[in-house]
Peer 1: 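One structure, as structure tokens, below. Some questions next.
All residue numbers refer to positions in the sequence shown, counting from 1.
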Amino acid sequence: MSDHRSSIASAPLRIRRILDPSYPLCREDVVWVLHFVQKKVASKDPALLDLSKPRLLQNFYSYCEAALLLFGSGSHVHAQNGDIRNCLLEAMHGLSELQEALAPSPVCKPQLLPPAEEGN
């Protein structure tokens with residue numbers, strides 16, 4: 001059960017990495033996103049239920065196009081990285097994990113520690 005929770009918690013991080021143009025996309029990444037979207041649809045994710053019918057059709061079209069690009073790419077997924085990334089982005093439209101992945105990273109401000117007292 002903890003594996004399921006940790007995979008849900010890490011989904012935005014993995015999505016962020018997959019959508020990063022500097023990250024070399026591989027077949028496993030594309031299959032992971034397609035499976036992730038499939039699970040969200042099967043579980044009737046509330047975010048998807050709020051989408052309009054035309055938007056749902058666009059999501060489905062992009063999902064299918066990504067699958068076809070993956071199928072037709074053989075072992076050369078990297079040759080179509082931009083096209084596949086755009087399809088994956090559109091297929092995940094509306095999902096909260098995508099919104100979280102696209103949100104700016106929080107800037108960590110270093111905390112200053114009080115100076116250590118000497119002589120105690």
Peer 1: I'd like to know if the side chain of Asp29 and the backbone of Ile18 have a donor-acceptor N/O pair within less than 3.5 Å.
Peer 2: no

Peer 1: Looking only at heavy atoms, which two atoms of Ile15 and Ala101 are closest? And how far apart?
Peer 2: CG2-CB, 3.7 Å

Peer 1: Please assess Val41 against Tyr63 for the test side chain to side chain contact (heavy atoms under 4.5 Å, CB included), listing each intermediate value before the final yes or no.
Peer 2: CA-CA 12 Å; Val41 170; Tyr63 179 94; over 6 Å; no

Peer 1: Between Glu97 and Arg14, does any side-chain N to carboxylate O distance fall below 4.0 Å?
Peer 2: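 Not counted as a salt bridge, because no side-chain N and carboxylate O are separated by less than 4.0 Å.
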
Peer 1: In sequence, state the C-alpha distance, the side-chain angles, and the governing distance for Leu102 and Leu89, and then conclude on side chain to side chain contact (heavy atoms under 4.5 Å, CB included).
Peer 2: CA-CA 10 Å; Leu102 296 177; Leu89 179 64; 4.1 Å; yes

Peer 1: More than 12 heavy atoms of other residues, nucleotides or ligands under 6.0 Å from OH of Tyr23: is that the case?
Peer 2: yes

Peer 1: Is a side-chain N or O of Arg85 found less than 3.5 angstrom from the main chain of Asp20, in a donor-acceptor match?
Peer 2: yes

Peer 1: Please find the pair of heavy atoms, one from Leu48 and one from His93, that lie closest to each other, and give the distance.
Peer 2: CD2-O, 4.1 Å

Peer 1: Does Leu69 form a side chain to side chain contact (heavy atoms under 4.5 Å, CB included) with Val30? I'd like the steps, not just the answer.
Peer 2: CA-CA 10 Å; Leu69 285 169; Val30 177; over 6 Å; no

Peer 1: Shortest non-hydrogen contact from Leu95 to Ala47?
Peer 2: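 Minimum heavy-atom separation between Leu95 and Ala47: CA-CB, 4.3 Å.
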
Peer 1: Checking side-chain polar atoms at under 3.5 Å, does Ser62 have a donor or acceptor matched by the opposite partner on Gln58?
Peer 2: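 There is such a pair (donor and acceptor under 3.5 Å, judged by atom type) between the side chains of Ser62 and Gln58.
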
Peer 1: For the pair Glu90 and Arg55, find out whether any cationic side-chain nitrogen is under 4.0 Å from an anionic carboxylate oxygen.
Peer 2: yes

Peer 1: Does a donor on one side chain and an acceptor on the other come within less than 3.5 Å for Ser43 and Asp45?
Peer 2: no

Peer 1: Is Asn86 reaching over with its side chain to a backbone N or O of Asp83, donor-acceptor style, under 3.5 angstrom?
Peer 2: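 Flag not set: sc Asn86 to bb Asp83 has no pair under 3.5 Å.
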
Peer 1: Quick check for you: to the nearest 0.5 Å, what is the distance between Arg16 atom CZ and Ser10 atom OG?
Peer 2: 13.0 Å

Peer 1: Please name the pair of heavy atoms, one in Arg27 and one in Leu70, separated by the smallest distance, quoted to 0.1 Å.
Peer 2: NH1-O, 3.1 Å

Peer 1: For Leu88 versus Ala66, what's the shortest heavy-atom pair and its separation?
Peer 2: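 Smallest interatomic distance, heavy atoms only, reads CD2-CB, 3.8 Å.
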
